[in-house]
Protein chains: 2
Amino acid sequence: MSQPLLSIPAATETLPQPYLLFLGDTTEAGYAKTAFGLRDWARERCVGEFACAGATVSTGLAFMTPLQAYAAGARSLVIGVANPGGYIPTAWFEPLQQALEAGLDLIGGMHARLADIVPLRETAARLGRRLIDVRQPPSDIPVASGRPRRGRRLLTLGTDCALGKKYTALALARAFVARGIDADFRATGQTGILIAGQGMPIDAVVSDFAAGAAEMLSPDAADDHWDVIEGQGSLFHPAYAGVSLALLHGSQPDVVVICHQPGRTHMLGYPQHPLPSVEATIELALQLGRRTQPAIRCAGVTLNTSHLAEAEALRLLSHERDRLGLAVADPMRGGAAFERLVEDCLA
Amino acid sequence: MSQPLLSIPAATETLPQPYLLFLGDTTEAGYAKTAFGLRDWARERCVGEFACAGATVSTGLAFMTPLQAYAAGARSLVIGVANPGGYIPTAWFEPLQQALEAGLDLIGGMHARLADIVPLRETAARLGRRLIDVRQPPSDIPVASGRPRRGRRLLTLGTDCALGKKYTALALARAFVARGIDADFRATGQTGILIAGQGMPIDAVVSDFAAGAAEMLSPDAADDHWDVIEGQGSLFHPAYAGVSLALLHGSQPDVVVICHQPGRTHMLGYPQHPLPSVEATIELALQLGRRTQPAIRCAGVTLNTSHLAEAEALRLLSHERDRLGLAVADPMRGGAAFERLVEDCLA
């Protein structure tokens, strides 16, 4: 019963680009993570930023009206901010309609769907523009086949949520490409999908089809092609482990990289559930992953050390490398540790 | 964008009962599994059966027109057959409208949604009847909390799909009640939901909320109350393991019972994936289940021996009991082996 207006970004369909980043009337930088993520990881696909009067947050990109952005090549406006409630305030309606009038499609990833807002729906219908919700999975996802696929695959897995699985996958995909390897970052969450321009919102897929969605996201490919897949949740997470397992089974990764935040003692928001160790996470990932990929191996670990001083971070990375006998790096610090992780992934 | 016409059976809402079972124009008994399941497990809530001209399959219940069924107490007509395509043929429209006119709500569990059929939707709207799709989960499912709940819980888990998880749970719940124990069968699939009159179609829930849906299905209860929860899929299934894990984590079962079909060598429809052993299934269920229920234990095993002669079945049950050191029964054969399983569940 969905409105046909919604164009759905599937694993195989690319979002209209480049983007104009919309910052709303935001005065709190923490709400603009999507805009910052796009600036940091997809700079070449962002022509500029746009905001309502009163906004104080900026990505540092050039301010453009929708008309200027369209002239500069933009083909969509991305809502780059999220309110705490996940809704679209009425103050945004006029600038969003302005973008539609200027020739841009609208892309959102909030809980509120763009097509549920009558003025936007009517304007888009009149002008033939698309209202795209990146949290909306495609409707043709099959049940997983379990059939082995050609090509190489890497999946990031976490001890918990929100500690670096997306950044690790992005950094590894970028490093692979820099070495001349044919590699794609495969996004599974809304910010990743906007960065990649396509992907699969795995956590929005009906559970019976979640492993099938993962298969769809990293299809058959050339033998030397790498898909670097953004992990979700954690196999130990009391709410999301099912998503993580479906993604693991469907991805059939040759290689996993475990992502961890040193110092975190409990699952975020779940004080009754202690964080699993890195070793336990490696062990469970390999144990469960073997079901669809018998040759699965762990190539290393990334640590999110953003809260540590440089010297302390390097000491910790080195200590963990010796303790685990694996490459251990912080992808945001790069360096020799990260180079070794890249090599061990490709080994 | 769903039609408000649809009334959604939540874990806490009961379907309109008793039922009139509708057999369509079916000539193939294999398509009428839902009707037979209701006759076998919810006989007291079925007033009779109804069919189109040309139907040759019967449940053996009295044939009634919708008007007769309403007079006999029926409050809904259940579509008890499924076509291979999962659609609703035009030949059914007239008898289904007749049921609406007679005062009955319609309940379906096919892929095709009743509310998508315009003549049914219009008639239901005019008469104030409900078109209920038991595959439609409620819209207010929360993310799982991981918080321990009061009351006792038992979950059936399988080495594969379609080998007796629902029948095992139904038989155990019935045996518990027969012993005077306060127990509920908690349904997670469409036939189970129709049998119980309520439940949670777990495989139709968006994956991020699947564990939350399991928590919702077996809420806080009295300390001596048992929820006997119908399992889905298998932790080893290449397509559905994520569903099984979410159900395991959200159910937080005190007790698991492993269901298996002796002689099955590979996952149904997945010839590349050998069936796991019963022992491996017990081990993985306990290992993963401990994350949300540290005291989880396996009370025994059920074998679906419907393809074996009585003597051979009893020999196998006895052999497996000795080999595994656990109660092993076929719930459909009952007997001392099943009595021991019931006792070990409650121990």
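Naming: A, B, ... by sequence-line order, numbering from 1 per chain. Quantities reported herein were computed from a predicted structural model and do not represent experimental measurements.
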Review point. A/Leu114 versus A/Asp133: any side-chain heavy-atom pair under 4.5 Å?
Key: no
Revision key, fill the gap. With chain B, the option among A/Gly269, A/Pro148, A/Gly146, A/Ser207 that has the most non-hydrogen atom pairs under 4.5 Å is A/Ser207
Point to revise | Among A/Ser145, A/Gly212, A/Ala210, A/Pro276, residue most engaged with chain B (heavy-atom pairs, under 4.5 Å) | key: A/Ser145
Check your understanding: Between B/Asp227 and B/Arg153, is there a donor-acceptor pair closer than 3.5 Å when you use the side chain of the first and the backbone of the second?
Key -> no
Practice item. Report the option among B/Leu288, B/Leu284, B/Thr292, B/Val143 that has the most heavy-atom pairs separated by less than 4.5 Å from atoms of chain A. Key: B/Val143
Review point. Which of the residues B/Ile202, B/Asp203, B/Val243, B/Val205 is involved in the greatest number of heavy-atom pairs with chain A at under 4.5 angstrom?
Key: B/Asp203
Review point. How about residues 233-242 of chain B versus chain A: which residues have heavy atoms under 4.5 Å apart?
Key: B/Leu235, B/Phe236, B/His237, B/Pro238, B/Ala239, B/Tyr240, B/Ala241, B/Gly242
Check your understanding: Just checking heavy atoms, which of residues 244-257 of chain B are less than 4.5 Å from chain A?
Key -> B/Leu245, B/Ala246, B/His249
Between [atom1] on residue [X] and [atom2] on residue [Y], distance to nearest 0.5 Å:
X: B/Leu157; Y: B/Ile258; atom1: CG; atom2: CD1; answer: 5.0 Å
X: B/Glu230; Y: B/Arg186; atom1: CD; atom2: CZ; answer: 12.5 Å
X: B/Leu127; Y: B/Glu122; atom1: CG; atom2: CD; answer: 11.5 Å
X: B/Ile107; Y: B/Asp105; atom1: CD1; atom2: CG; answer: 7.0 Å

Practice item. State which residue, out of B/Leu120, B/Ile117, B/Ile79, fulfils the side chain to side chain contact (heavy atoms under 4.5 Å, CB included) condition with B/Trp92. Key: B/Ile79
Exercise for review: Could you walk me through whether B/His260 and B/Thr281 pass side-chain contact (heavy atoms from CB on, under 4.5 Å), step by step?
Suggested key: CA-CA 10 Å; B/His260 176 60; B/Thr281 307; over 6 Å; no
Exercise for review: Taking salt bridge (Lys or Arg N to Asp or Glu O under 4.0 Å) as the test, write out the residues that go with A/Arg149, two or more places apart.
Suggested key: none
Point to revise | For B/Gln287, side chain to side chain donor-acceptor pair (under 3.5 Å) partners two or more places apart | key: A/Gln287
Review point. Quick one: do the A/Arg113 and A/Gln136 side chains pair a donor with an acceptor below 3.5 Å?
Key: yes
